[in-house]
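Working notes for the structure below.
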Amino acid sequence: MARIHLITGGARSGKSALAEAVTLSLRNHAHYIATAQAFDDEMKARISTHRARRTEVWKTHEAPFELAATLRATDDAPRLVDCLTLWLSNLILADRDWEAETRDLLALLPALAHPVVFVSNEVGMGIVPENALARGFRDAAGLLNQRIAAAADEVTLAVAGLPLKVK
């Protein structure tokens with residue numbers, strides 16, 4: 001069974017860089033599973049920053065929706081999934097059943113041979129959002145994080161670029 005590691009934290013907490021270091025500590029090459037979609041210039045710039053940080057040891061796979069299938073197809077080396085909250089956003093905005101997709105993902109994890117490091121945003125520590133879509137997303141992200149954390153062997157909270165071991 002693969003080891004599962006969830007790294008969560010707030011915006012700009014250093015979770016992606018930490019996850020990259022953790023993943024490459026497992027092996028000298030890995031799969032980078034990117035869930036972001038570049039819909040605007042800001043997101044294009046964020047994706048570009050992440051890409052620039054990665055060297056040739058990473059093989060990138062774009063998986064805005066089919067996360068379980070991509071994990072299954074890349075089970076020959078460690079994987080980094082960056083990030084679960086963008087994957088969740090994609091599912092919600094496409095009106096897909098995120099709970100069923102999460103169940104499929106969780107059912108797959110015990111069957112994987114190689115480790116997976118998940119990155120996810122901790123979005124529920126601020127004020128209550130003013131609109132129903134944002135509140136629904138916040139609640140769904142909290143539930144998704146709880147379910148992945150329960151299945152994970154390790155959970156790390158990134159704070160100001162520093163890792164705090166949670167589990």
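- Between Asp75 and Ala113, the closest heavy-atom pair is OD2-N, 2.7 Å.
- To the nearest 0.5 Å, the span separating NZ on Lys167 from CG on Leu6 amounts to 9.5 Å.
- In terms of heavy atoms, Gly9 sits closest to Leu157 at CA-CD1, 3.8 Å.
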Before giving the answer on side-chain contact (heavy atoms from CB on, under 4.5 Å), spell out for Tyr32 and Glu20 the whole-Å C-alpha distance, their side-chain angles and the decisive distance to 0.1 Å.
CA-CA 9 Å; Tyr32 190 104; Glu20 290 167 11; 3.8 Å; yes
Counting only pairs under 3.5 Å, give me each side-chain donor-acceptor contact of residues 137-148, with atom names and distances, residues two or more places apart or in other chains.
| residue | atom | partner | partner atom | Å |
| --- | --- | --- | --- | --- |
| Asn145 | OD1 | Ser120 | OG | 2.4 |
| Asn145 | ND2 | Asn121 | O | 3.1 |

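- Other residues, nucleotides and ligands contribute only 12 or fewer heavy atoms inside 6.0 Å of the CG atom of Asp95.
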Go through the steps to decide whether Val117 and Asp82 satisfy the test side-chain contact (heavy atoms from CB on, under 4.5 Å), and finish with yes or no.
CA-CA 9 Å; Val117 178; Asp82 197 356; over 6 Å; no
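- Here the shortest heavy-atom pairing between Pro78 and Leu26 reads CG-CB, 3.9 Å.
- For the atom pair CD of Glu99 and CG of Asp104, the computed distance is 12.0 Å after rounding to the nearest 0.5 Å.
- Taken to the nearest 0.5 Å, the CD atom of Glu122 stands 4.5 Å off from the OG1 atom of Thr8.
- When side chains are defined from C-beta on, His5 does not count as touching Asp153, because their heavy atoms never get closer than 4.5 Å.
- Counting heavy atoms from C-beta on, the side chains of Asn28 and Val57 never come closer than 4.5 Å.
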Check the pair Leu105, Leu71 against side-chain contact (heavy atoms from CB on, under 4.5 Å), reporting the backbone distance first and the verdict last.
CA-CA 9 Å; Leu105 175 61; Leu71 285 169; 3.4 Å; yes
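- Across all non-hydrogen atoms, the minimal contact from Asn90 to Pro64 is ND2-O, 3.0 Å.
- Contacts of Glu42 classified as salt bridge (charged side-chain N to carboxylate O under 4.0 Å, His left out), with partners at least two apart in sequence or in another chain: Arg46.
- For the atom pair Leu18 CG and Ser13 OG, the distance stands at 8.5 Å (nearest 0.5 Å).
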Give the intermediate values and the outcome of side-chain contact (heavy atoms from CB on, under 4.5 Å) for residues Trp87 and Glu101.
CA-CA 10 Å; Trp87 175 68; Glu101 302 261 1; 3.8 Å; yes
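- Distance check: Phe118 CZ to Leu67 CG gives 6.0 Å after rounding to the nearest 0.5 Å.
- Pairs passing the side-chain hydrogen bond (donor to acceptor under 3.5 Å, both in side chains) check and including a residue from residues 60-69, sequence neighbours excluded, read His31-His61, Arg51-Glu62, Arg54-Thr60, Glu66-Arg96.
- Of all the heavy atoms in Leu24 and Ala30, the pair that sits closest is CD2-CB, 4.2 Å.
- Taking CD1 of Ile7 as the reference point, atom SG of Cys83 lies at 12.0 Å (rounded to 0.5 Å).
- No side-chain heavy atom of Leu88 sits less than 4.5 Å from a side-chain heavy atom of Thr35.
- A salt bridge is defined here as a Lys NZ or Arg NE, NH1 or NH2 lying under 4.0 Å from an Asp or Glu carboxylate O, and Glu154 with Arg3 meets this definition.
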